[in-house]
Amino acid sequence: MNAFAATNGGQVTVVENNSCGIGPALVINVTINPLPIVTQSPFGVICDTLTSFLLTGGLPSGGIYYGTGVYNDSLYNPSISGAGTYPITYVFTDTNSCSSQAVA
């Protein structure tokens, strides 16, 4: 069985129906939350001789960074990644546990 809710949510009613008869209806309220809009400003060129620094530019604030050379959720050590091009991903999770990400 498949159940579908409108784009803003709604109610789904489930009724058991078997050889013993029809059971009571169970109504489930469904809420559909929009994904957060997440952006990340480009980092530009970073020399691998720099010391560790705090990654910034991700919006909304409060997210976590991932990638080669990233540690403690938002610190970056260029000497760990070395020369080359490496994506840094910024992930934000809102109060409804909905997550989105942006890559720079």
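One-based numbering along the sequence shown. All values reported here derive from a predicted model rather than from experimental measurement.
- Within the model, atoms OG1 of Thr68 and CG of Asn77 stand 12.0 Å from one another, a figure rounded to the nearest 0.5 Å.
- Here the straight-line distance linking atom CG of Asn33 with atom CG of Asp94 works out to 7.0 Å at 0.5 Å rounding.
- Counting heavy atoms of neighbouring residues, nucleotides and ligands inside a 6.0 Å radius, atom CD1 of Ile37 does not exceed 12 of them.
- Between the CG atom of Leu75 and the OG1 atom of Thr51 there is a distance of 10.5 Å, given to the nearest 0.5 Å.
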* To do: Decide side-chain contact (heavy atoms from CB on, under 4.5 Å) for Leu26 and Thr13; before the verdict, give the C-alpha distance in whole Å, the side-chain angles of both, and the deciding distance to 0.1 Å.
  => CA-CA 6 Å; Leu26 172 64; Thr13 302; over 6 Å; no
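- Applying the 4.5 Å side-chain rule to ILVMFWY residues, one finds Val38, Ile46, Leu50, Phe53, Leu55, Tyr65, Val70, Tyr76, Ile88, Tyr90, Phe92 in the same cluster as Phe43.
- Rounded to the nearest 0.5 Å, atoms OG1 (Thr56) and CD (Gln40) are 7.5 Å apart.
- Heavy-atom minimum distance, Ser99 versus Val91: CB-CG1, 4.5 Å.
- Taking a 4.5 Å side-chain heavy-atom cut-off between Ile, Leu, Val, Met, Phe, Trp and Tyr, the cluster of Tyr86 contains only that residue.
- Rounded to the nearest 0.5 Å, atoms CD (Gln101) and CD1 (Ile64) are 12.0 Å apart.
- By the side chain to side chain contact (heavy atoms under 4.5 Å, CB included) test, Leu35 pairs with Cys98, Ser100, sequence neighbours left out.
- Contact between Ser41 and Ala104 at its shortest, heavy atoms only, is O-CB, 3.8 Å.
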